[in-house]
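Because only heavy atoms are used, hydrogens play no part in the values below, and waters and symmetry mates are left out as well, while side chains stay in. Predicted model only: the values in this text are computed from it and were never measured.
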Amino acid sequence: MSCYYSSLLINDHLEVRRNRSRFYFRNRFHVTLLIDEMFSALSSYINCPMDLSLIIKLSSPRFCSSPFNSYPGGSPSASSNTVLDYWKDLLRQHESGHHPTILSWTFGLVMFTYGQISPLGVSQRGILINGKFPGPTIDCITNDNVIVNVINKLDEPFLLTWNGIKQRKSSWQDGVLGTNCPIPPNSNWTYQMQMKDQIGTYSYFPSIKMHRAVGGFGAINVRARAVIFVPYLKPVEEFTLLISDWWKSDHKTLQQTLDSGNTLPMADALLINGHVQSTSFTTQKGQRYMFRVSNVALTTSINFRIQNHTLTLVETEGSHTLQESYESLDIHVGQSASFLVNLNAPLKDYFIVASTRFTKPVLTATATLHYDGSTTKASLPLPWGPTYEIHWSMKQARTIRWNLTANAARPNPQGSYHYGTIPVTRTVVLANSAVNINGKLRYAVNQVSYANPETPLKIADFYNIPGVFHLSSIKDSPPSTPPVIGASVMGFTLHDFVEIVFQNNEGSIQSWHLDGSDFWAVGFGSGQWNATLRKRFYNLNDATTRHTVQVYPNSWSAILVSMDNKGMWNLRSAIWPRRYLGQELYTKVWNDEKSSRTEYEIPLNALRCGKAPLN
């Protein structure tokens, strides 16, 4: 077949054109090696050379209503003729002018292996993704359908979770032990998910054992569709920063420490994109840049700042914010933020700084903001950052507010959803605690320390398997009973509007994450929460939505959440040693309707374990 398409390399995108119909092949989507055989065959079919690419925007009216039913068995094969025939059919449809709907599909193969890395100058075992540490960034667009085939080449079972991705109607894709059986060694499993109605800065990481202590994590950037207005001036370039804490010890050694009933030692260092001080970002003086920053640490909040530059906050975990300016900003475990930075300082290099909060000693990592043409290295002193100022951080958190007139992923303004006027159907108070059970340290929520059953909760619920969990296993408020180990699940009716108060009576900061939904972080306060504090401390007008909220020492934080995503969802401590030792629970969001309008069926490729039937 002759080549009907002309190709142009523009802004790192290979654009393949035919008349007014366009197919986009993005060669900077970093998630992986694409399915080589399929793409080579497709290139040969249209007789045009193509780069390895991972985003293909094509039309298909057949798959609009059920975007994840296009492959028999639930996942594409690297050598599948079905995949090639599917893309051939789409190309034929475009050539015939039949293109009423545009969908975006993202395919990726990601291989998790052990490898030697040296973040602290000494070689140690890390977890690599396609040979990289940190892992590649997933760049996608609102409503993109993402298919990622995870190949586990480790010596242990493995799961990957997508921090902040809502997995609408499909908790089957959440990648935690309450919803998924782990991927055995030397095998693979395919995640199929949609970035439904989301924009923002997120991350992915291993969700079981202590794997994420030695890598296996990366960033997810979800950009707005071209037809959606973005409420800030476009930057000339975006930079993604992953801030992590790091230990010299192997992850299995750290796990043994926790299993023996001991606390995890403080991290040895803080890293920016896998380095203590060697990461560099080259920029042009006078230009505007976006910095997408995620705290993927296991244990510590961080303060982020750039020497002699002001940070303009524009987004936190999918919410467009009022564009307040900061000299530095606290980002707690599991949280993300995006900043615009105007480069108007004198021509030289400057330090980008991340330092730990509420720790002794304070750990610091630096990167370099390099002005192109500069011959002057960044110089000390580093810009000041807070260390233990709790009230400073709490006051700053209250300044982060929703931009009510801006849209997010959808065209309607964020402020059109008047969350503060919705009646609360239920109030839940969750108190975290360090407890001793059977002579060992555990962490509990309302006196229940979570332990994963052999059968994932979601699978047990789907197949009505008795004895795995029950909904009365955890109370709505802290009880005066001895701590126990159990599989704690709270039941909610679909569309309940719930107030959740996180009560922290300990002297360390907490961080809580909810899968499946975002929420409004409406209030922070010191001491014990009570109902009279709502009027004084709650922001019922322009609190931001997010998926992770901090709780300061001996304090409380309150959120409002619409339980509008049916499924089984993990509510966990984002501080990983606490989660590993039991500080988590699950929420079952349910109604009696059995329909794909509210929840997708179990995937055809779902792994089975425990008491789950084999087919």
Side-chain angles (χ1 to χ4, degrees), residues 142-143 164 166 168-169 195-200 222 224-225 227-232 313-324 335-338 394-429 476 492-502 512-525 529-550 556-567 569 571 587 589 591 597-598:
T142 301
N143 296 339
K166 295 179 184 178
R168 294 291 302 176
K169 302 190 291 184
M195 305 297 157
K196 179 65 175 173
D197 292 338
Q198 287 193 259
I199 55 99
V222 186
R225 294 174 291 156
V227 297
I228 299 296
F229 175 75
V230 177
Y232 49 80
L313 183 67
V314 295
E315 178 260 332
T316 56
E317 299 157 43
S319 279
H320 283 138
T321 63
L322 289 180
Q323 296 178 20
E324 299 285 351
Q335 294 182 344
S336 300
S338 297
M394 191 181 294
K395 287 175 63 178
Q396 184 187 70
R398 292 177 180 141
T399 69
I400 301 173
R401 297 181 296 155
W402 229 10
N403 187 335
L404 297 179
T405 60
N407 57 275
R410 305 182 73 173
N412 51 302
Q414 294 177 140
S416 62
Y417 195 96
H418 302 286
Y419 68 92
T421 65
I422 302 173
V424 170
T425 58
R426 182 173 169 187
T427 295
V428 175
V429 180
D476 279 11
F492 297 92
T493 301
L494 185 64
H495 301 305
D496 274 354
F497 194 73
V498 182
E499 174 189 37
I500 301 178
V501 178
F502 298 103
W512 282 92
H513 173 87
L514 176 62
D515 283 348
S517 298
D518 52 15
F519 50 73
W520 290 269
V522 295
F524 308 92
W529 178 88
N530 64 72
T532 66
L533 298 174
R534 293 178 182 133
K535 187 174 182 180
R536 180 181 175 188
F537 287 104
Y538 279 22
N539 177 357
L540 298 180
N541 181 49
D542 59 358
T544 57
T545 56
R546 56 193 324 155
H547 55 69
T548 306
V549 66
Q550 71 275 18
W556 57 267
S557 295
I559 67 172
L560 296 176
V561 56
S562 178
M563 297 292 186
D564 62 357
N565 195 9
K566 190 173 176 179
W569 303 107
L571 177 56
T587 63
V589 182
N591 69 357
R597 290 176 297 182
T598 55

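Qualifying side chain to side chain contact (heavy atoms under 4.5 Å, CB included) partners for D197, counting only residues two or more places apart in sequence or in other chains: N143, R410. Shown here are the side chain to side chain contact (heavy atoms under 4.5 Å, CB included) partners of S562, two or more places apart in sequence or in another chain: Y417, F497, D564.
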Practice problem: Mind running salt bridge (Lys or Arg N to Asp or Glu O under 4.0 Å) on R426 and D476 for me, showing each step along the way? | Solution: CA-CA 9 Å; R426 182 173 169 187; D476 279 11; 2.9 Å; yes
Exercise. Any chance you could lay out the side-chain contact (heavy atoms from CB on, under 4.5 Å) test for V498 and V424, step after step, and finish with the verdict?
Key: CA-CA 6 Å; V498 182; V424 170; 5.9 Å; no
Practice problem: With side-chain contact (heavy atoms from CB on, under 4.5 Å) as the test, would you mind laying out the steps for I199 and T142 before giving the verdict? | Solution: CA-CA 6 Å; I199 55 99; T142 301; 3.1 Å; yes
Practice problem: Quick one: do R534 and T427 satisfy side-chain contact (heavy atoms from CB on, under 4.5 Å)? Show the steps, please. | Solution: CA-CA 12 Å; R534 293 178 182 133; T427 295; 3.5 Å; yes
Self-check item: Check against side-chain contact (heavy atoms from CB on, under 4.5 Å), W512 and T548
Solution: CA-CA 5 Å; W512 282 92; T548 306; over 6 Å; no
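In this structure, the side chains of V429 and F502 stay at 4.5 Å or more apart for every pair of heavy atoms. At a threshold of 4.5 Å between non-hydrogen side-chain atoms, the residues T425 and T493 do not count as touching. Proximity of V314 to S338: side-chain heavy atoms (C-beta onward) are separated by under 4.5 Å at one or more points. Considering only heavy atoms from C-beta on, D496 stays 4.5 Å or farther from L494 through its side chain. Residues V522 and I559 fail the side-chain proximity criterion, which asks for heavy atoms closer than 4.5 Å.
For the pair N565 and K169, the tightest heavy-atom approach, listed with the atom from each and the gap, is OD1-N, 2.7 Å. Shown here for W520 and A543, the closest heavy-atom pair between the two residues is CD1-O, 3.3 Å. The nearest pair of heavy atoms linking N541 to N539 is N-OD1, 3.0 Å. Contact record, W569 with D515: CB-O, 3.4 Å, taken as the closest heavy-atom pair.
Side-chain atoms of Q550 never come within 3.5 Å of backbone atoms of A397 as a donor-acceptor pair (strictly under, hydrogens ignored). For N412 (side chain) and N407 (main-chain N/O), no donor-acceptor pair under 3.5 Å exists by modelled atom type.
Evaluated for a side chain to side chain donor-acceptor pair (under 3.5 Å) with D518, the options R546, K166, H547 yield exactly one hit, K166. A side chain to side chain contact (heavy atoms under 4.5 Å, CB included) with S517 is found for one member of T587, V561, L571 and no other, namely V561.
Atom CG of L404 is separated from atom NE2 of H320 by 13.5 Å, given to the nearest 0.5 angstrom. Here CD1 of I228 is found 4.5 Å from CZ of R225. Values are rounded to the nearest 0.5 Å. In this structure, the separation between CD on Q414 and OH on Y419 is 11.0 Å, given to the nearest 0.5 Å. Considering OG1 of T399 and CE of M394, their distance stands at 13.0 Å, rounded to 0.5 Å. With rounding to the nearest 0.5 Å, the separation of CG in L313 from OG1 in T544 is 8.5 Å. Atom CZ of F519 and atom CD1 of I500 lie 8.5 Å apart (nearest 0.5 Å).
A side-chain donor-acceptor contact under 3.5 Å links S319 and W402. A donor atom on one side chain and an acceptor atom on the other are found under 3.5 Å apart for N591 and K566. Inspection of the E317 and Q335 side chains reveals no N or O donor paired with an N or O acceptor under 3.5 Å.
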